[in-house]
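A quick write-up on the structure given underneath.
Every value quoted in this text rests on a predicted model; they were computed, and no experiment measured them. Lettering follows sequence order; numbering is per chain, from 1.
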Number of protein chains: 2
Amino acid sequence: MAGLSERKQRILALIIESYISTGEPVGSKTLSATMGNSVSSATIRNDMADLVELGFLMQPHTSAGRIPSQSGYRYYVDNLMAKYELGTDEQERIKTWLQSYSGEPDQLLEKAGSILSELTNCVAISSSPSDSEATIKRVELVPLSSKTAMVVLLASSGILKSMVVRTDSEITVEVAEVFYNIMQSYFLGNSVADIDIAFIQTLVASLGDKVFVMSPLLCGVADLCTSVKSTDLHFNGQSNILNHPELSIDAFELMDFLHREAPTKALLSSHKKPLTVAIGEENAFKELRNTSTIFSKYSVGDKDSGSIGIIGPTRLDYARLIPSIKYLAGVIGTLLTETLE
Amino acid sequence: MAGLSERKQRILALIIESYISTGEPVGSKTLSATMGNSVSSATIRNDMADLVELGFLMQPHTSAGRIPSQSGYRYYVDNLMAKYELGTDEQERIKTWLQSYSGEPDQLLEKAGSILSELTNCVAISSSPSDSEATIKRVELVPLSSKTAMVVLLASSGILKSMVVRTDSEITVEVAEVFYNIMQSYFLGNSVADIDIAFIQTLVASLGDKVFVMSPLLCGVADLCTSVKSTDLHFNGQSNILNHPELSIDAFELMDFLHREAPTKALLSSHKKPLTVAIGEENAFKELRNTSTIFSKYSVGDKDSGSIGIIGPTRLDYARLIPSIKYLAGVIGTLLTETLE
DNA sequence: CGTTAGCACTTAAAGCATCTGAGTGCTAAC
DNA sequence: GTTAGCACTCAGATGCTTTAAGTGCTAACG
């Protein structure tokens, strides 16, 4: 990998940085000038030709300058790019923006996403905290009317979910008692992953005439367990897709892809490293072949919990954005952890 | 308004319908053919010229056919368009799609919006039920841990909201008792509109040393009252903006407008009639001047509660879409009312 | 009188040739 | 290994012509 001479590295970095900021192909003459004419344009042309040979640069056509290829970006991100540190002022700005957060994780992510999309001019996507290994910490039944009640579930991961349940017969004090007993014996302390419809069905079978009241309630609890495992997505700045000519060519395809949600969820939960940068074809989904994605996990407590990041053109200011996203994910993790008593 | 001869009306209707389905300007010769050559193209040309004079038609340029103007569409919607009735099969399809709804209004609207956007190829927008005249029917405090609790508020309109509240000191049984007493005396039965921060502050002042525990709890209740009054928006099929050339020209502006939410909320709640069709410039917001909007209110119980509808190009199949949206809003209202015991 | 045929006129869009300029690759000299 | 010099390439801009769709107007028709 280190087969590149000092000068070629410098040339590659300068081309990428110039192209990132202007979007225009870079020619040998211009480049020679920005390097203070320390090397002639002819020399640079030779080096450029080699870099094309190596696959780091491309030319849109013979008489245009060079633009980075996807592996060019990759080499840049891995080897050349300055490891930028966020200025303390920018850190402060992000922190204070997020500080005003009320306790609802979704609200925090919505805000973080909106900051991120404005900061990056890209589509920001985040997934709400989820934890399939969570156990059931607490279940409450809040009667609302004679035949409706709210079921509240608190998971060990701090995730709280609730829903309204309707039953066909009255929810008496006795019913509530039976409900709490069932919770105590079969639910509390168990993993949310173990509670599914099959489990509920075997359970319900032994309830005799209470079946019709209890069944909806227990199904409700099962639904909540499912939703603790699953992640919700937040999108921000979708209109930014149209800001980037590279993306707006098949903007429809891309937006459609994002809104299908299932693959997007997979995208957010699939990446293994704390921070993943996927450039162009490196993305698992073919709809993203023209994009770069940067996603960072955030942790609640000491467990990875969700992700936040961006989808943008391959022409991204990686050096600036990667630290920003990393920092943002850190703040989110801290804030969510604080809430978890 | 009836100044149009039978034939001119027919010509106008045919031009509009042809343009709606093909998007191409309509010429006199083609039109004469579709009318079975019962009138010659020259005659149609004369009538067309009159219709341009009257402002119902436009020509993109001299040598092109005619396209409907905004007032042409308006005349069509008001006078010419066949009052289409939804086929029972389509009605059934919509109903069964929505039937599988669990009891959460947001989920229902999300589903309805996705149906609508697919049905219309437009952006579907809906607002969740809200009622600023609602009164507080019930408030519950669900302790979660020593210092956190969930506050649940049920409004007379059937809207249920909840949130998690953190306090600095322990939420004891005694605290809960005080809380319920305060609810009983100052909150239950009152209008959600009356509960605001100022009210909470005067109330809190008289609480002595309980201030620090109660204040967050009461503020939570006030927040919930606010959220009962306010509406949430649901968007579906946003990528459809890019399906319509007329819209995609300033797609960015439009998407940006929609995501600003405040004006969009105003749009959804401002229309007075049960079903409103606004064509082009008829829209209150300048960002919508190139669009047509069709929105229908739905009622929960016997009160108008929220709206659902679409934003699309002015070239919309009004005859088909208006009944669909009307029907969909009806089903939503019915389903939501059923849930309200 | 309304309707129709005929024809000259208009115009956007497509096709085509030309020109321009940025940038290259190669060769030969340093 | 580096550089100057120069012929070459090609996208994009410019301007011209052609094409085809559709019009408006006039004069004739029933």
Pairs under 3.5 angstrom, nitrogen or oxygen only, protein versus nucleotides 7-11 of chain C, please.
from	atom 1	to	atom 2	distance (Å)
C:dT11	O2	B:S63	OG	2.8

### Task
Specify the residue among B:M48 and A:T43 whose closest nucleotide of DNA chain D lies further upstream toward the 5′ end.
A:T43
Nucleotide N/O of nucleotides 13-19 of chain D paired with protein N/O under 3.5 Å:
none

### Task
Please state how far atom CD1 in A:I15 lies from atom C1' in C:dT24, giving the value in whole angstrom units.
13 Å
### Query
Any side-chain donor-acceptor pair under 3.5 Å between B:H271 and B:S307?
yes
#### Entry: d(CD1, B:I67; P, D:dT23) in whole Å
13 Å
### Message
Between the side chains of B:D256 and B:R260, is the shortest nitrogen-to-carboxylate-oxygen separation below 4.0 Å, so that they form an ion pair?
### Response
yes
### Query
Should A:L328 and A:L119 count as side-chain neighbours, where that means a heavy-atom distance under 4.5 Å?
no
### Query
What heavy-atom pair brings B:G65 and B:P60 nearest, and what distance separates the two atoms?
O-CD, 3.4 Å
### Message
Rounded to whole Å, how long is the line connecting atom CD1 of B:I11 with atom P of C:dG2?
### Response
15 Å
### Query
For A:K326, does the NZ atom sit with more than 12 other heavy atoms under 6.0 Å from it, leaving out its own atoms?
no
### Task
Go through the structure and list residues passing side-chain contact (heavy atoms from CB on, under 4.5 Å) with A:S38, not counting sequence neighbours.
A:M35
### Query
In dot-bracket, 5' to 3', how would DNA chain C read with Watson-Crick or G-U wobble pairs under 3.5 Å, [ ] for crossing ones and | for pairs to another strand?
||||||||||||||||||||||||||||||
### Task
For A:S40, check side-chain contact (heavy atoms from CB on, under 4.5 Å) against everything at least two apart and list the hits.
A:A42, A:T43
### Message
Tell me the interatomic distance from A:K8, atom NZ, to D:dT2, atom C1', rounded to whole angstroms.
### Response
13 Å
### Task
Would you kindly give the CG-to-C1' distance between A:D47 and D:dT2, to the nearest whole Å?
10 Å
#### Entry: Spacing between B:D50 atom CG and C:dG2 atom P, to the nearest angstrom
11 Å
#### Entry: Rounded distance in Å - CE (B:M58) to P (D:dG22)
17 Å
### Message
For B:Y76 together with B:Y318, are the ring centres under 6.0 Å from each other?
### Response
no
### Query
Judged by atom type as modelled, is there a donor-acceptor pair below 3.5 Å linking the side chain of A:S71 to the main-chain atoms of A:G55?
yes
### Message
What verdict does the side-chain contact (heavy atoms from CB on, under 4.5 Å) test give for B:R66 and B:V26, after you've listed the backbone C-alpha separation in whole Å, the side-chain angles of each residue and the deciding distance to 0.1 Å?
### Response
CA-CA 5 Å; B:R66 304 303 210 286; B:V26 187; 5.8 Å; no
### Message
Under a 3.5 Å distance rule, please check whether B:S69 uses its side chain to pair with a backbone N or O of B:M58 as donor and acceptor.
### Response
no
### Query
Counting just side-chain N and O atoms, does A:Q59 come under 4.0 Å of either OP1 or OP2 of D:dC10?
no
### Query
Quick one: on DNA chain C, does B:R7 or B:P60 contact a more 5' nucleotide (nearest heavy atom)?
B:R7
### Message
More than 12 heavy atoms of other residues, nucleotides or ligands under 6.0 Å from NZ of B:K83: yes or no?
### Response
yes
### Whole-Å distance separating the CD1 atom of A:I44 from the C1' atom of C:dG25
15 Å
### Message
Between B:D78 and B:Y75 (side chain of the first, backbone of the second, donor and acceptor by atom type, cut-off under 3.5 Å), is there such a pair?
### Response
no
### Residues within residues 28-42 of chain A bordering DNA chain C, heavy-atom distance below 4.0 Å
A:S28
#### Entry: OP1 or OP2 of C:dT24 under 4.0 Å from side-chain N/O of A:R66
yes
### Query
Has the side chain of A:S269 got a donor or acceptor atom that lies under 3.5 Å from a matching backbone atom of A:K265?
yes
